[in-house]
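So the structure is just underneath, and the comments pick up after that.
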Amino acid sequence: MRKIGLLGGSFDPVHNGHLALARAALAGGEVEHVLFLPTGNPPHKPGMLEGKMHRLRMVELAVQGEERMSVCREEIDRDGVIYTVDTLGSLRKKMPGCRFVYLVGADTLRALATWRRIEEVIHLCDFLVMMREGETRGDVHALAERWQARGAHIGFLAAGKMDVSSTQIRRRVALGLPLEGLVPPAVARYIAGQGLYRSGKREEPS
């Protein structure tokens, strides 16, 4: 069965840390392909994100030229609030014969109990926890063991330290600071060309 990595998020904006996580999962042989899943309307960030079509376009630009990475519009094209359980159900119908592996950080593992219909989710996909420097491995593994006792399949992969965040990038843009080394060049050009993350109302691309 083909193992497909799912890297979900708001990607507001996508940055080099996201790409590094995908590359680590591929290089470690944990998955054969990584699908980036930019969210449309997540339940935890209502009305707080840059327009979804801008975020989708930035992810498309980021993965150009990357082997075994692509972008999935599943959560962009759906109306209403987006829940992972619904995404997984739809993907399983569209991609039979695939096993899905969500690439998550330890922080996401800690919040797993808040996910909608989590008992269904843990049977629809596996989880690959990307461990970063500075995290308490013992606590994370103990939490994983509790989920594994409930039927979840959880693996671990050292992902190294990620010195970049979307919040940091938005702040740098607002201050007029360069983004070199933080986002792919094509993404930096798109942000500048569209005037994203500056003050004032932003319009969706046509």
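Only this structure's heavy atoms are used, side chains among them; waters, hydrogens and symmetry mates stay out. Here the structure is a predicted model, which is why all the values come from computation and not from measurement. Quick note: residue numbers are just sequence positions, from 1.
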| request: Check whether any side-chain heavy atom of L7 lies under 4.5 Å from a side-chain heavy atom of L35, and answer yes or no. | output: no

| message | If I compare all heavy atoms of R55 with all of S10, which pair ends up nearest, and what's the gap? | response | NH1-O, 2.8 Å

| Donor-acceptor contact below 3.5 Å, side chain K52 vs main chain I76 | yes

Anything under 3.5 Å between a donor and an acceptor, one on a side chain of residues 177-186, the other on a protein residue two or more places apart or in another chain? List them.
none

| request: Could you grab the distance from atom CD of E75 to atom OG1 of T39, nearest 0.5 Å is fine? | output: 4.5 Å

| request: Over all heavy atoms of both residues, which pair between M69 and R23 is shortest? Give the atoms and the distance, please. | output: CE-CG, 3.5 Å

| task | Look up atom NE2 in H141 and atom CD in Q148, then write down how far apart they are to the nearest 0.5 Å. | result | 9.0 Å

| Do the side-chain N and O atoms of T87 and R78 include a donor-acceptor pair separated by under 3.5 angstrom? | yes

| Would one find more than 12 heavy atoms of other residues, nucleotides or ligands at under 6.0 Å from atom CG of D77? | yes

| field | Rounded distance [0.5 Å steps], CG in L143 versus CG in L109 | value | 4.5 Å

| field | Heavy-atom closest contact (Q194 atom, H54 atom, distance) | value | OE1-CE1, 3.4 Å

| task | Apply the side-chain contact (heavy atoms from CB on, under 4.5 Å) test between L6 and each candidate in L88, V34, T84, V104; give the one that qualifies. | result | L88

| field | Salt-bridge criterion met for E74 and K94 (N-O under 4.0 Å) | value | yes

| note | Nearest heavy-atom contact between R2 and H33 is NH2-CB, 3.7 Å

| Approximate separation, where rounding is to 0.5 Å, of T167 OG1 and D12 CG | 8.5 Å

| message | Using every non-hydrogen atom in the two residues, find where V63 and S70 come nearest and quote the distance to one decimal. | response | CG2-CA, 4.4 Å

| Under 4.5 Å between any side-chain heavy atoms of V14 and V59, yes or no? | yes

| query | Where is the tightest heavy-atom contact between P13 and H18, given as atom of each residue plus distance? | reply | O-CE1, 3.9 Å

| query | What do the steps show when you test K3 against C98 for side-chain contact (heavy atoms from CB on, under 4.5 Å), and what is the final call? | reply | CA-CA 6 Å; K3 296 181 77 172; C98 292; over 6 Å; no

| L37 CG to L91 CG distance, which is reported to the nearest 0.5 Å | 6.0 Å

Listed pairs under 3.5 Å, donor-acceptor, residues 112-129 side chains, sequence neighbours left out:
{"residue": "T114", "atom": "OG1", "partner": "A111", "partner atom": "O", "Å": "2.7"}
{"residue": "R117", "atom": "NE", "partner": "E120", "partner atom": "OE2", "Å": "2.9"}
{"residue": "R117", "atom": "NH2", "partner": "E120", "partner atom": "OE1", "Å": "3.1"}
{"residue": "E119", "atom": "OE2", "partner": "R150", "partner atom": "NE", "Å": "3.0"}
{"residue": "E119", "atom": "OE2", "partner": "R150", "partner atom": "NH2", "Å": "2.3"}
{"residue": "H123", "atom": "ND1", "partner": "E119", "partner atom": "O", "Å": "2.8"}
{"residue": "D126", "atom": "OD1", "partner": "R99", "partner atom": "NE", "Å": "3.2"}
{"residue": "D126", "atom": "OD1", "partner": "R99", "partner atom": "NH2", "Å": "2.8"}

| task | Measure the CZ-CD1 distance between R146 and I154 for me, rounded to the nearest 0.5 Å. | result | 10.5 Å

| Under 30°, 30 to 60°, or over 60°: which ring-plane class applies to F11 and F36, parallel, tilted or perpendicular? | tilted

| said: For a 4.5 angstrom cut-off between non-hydrogen side-chain atoms, does R172 reach Y197? | reply: no

| Where do I4 and V31 land on the side-chain contact (heavy atoms from CB on, under 4.5 Å) test, with the steps shown first? | CA-CA 6 Å; I4 304 296; V31 297; over 6 Å; no

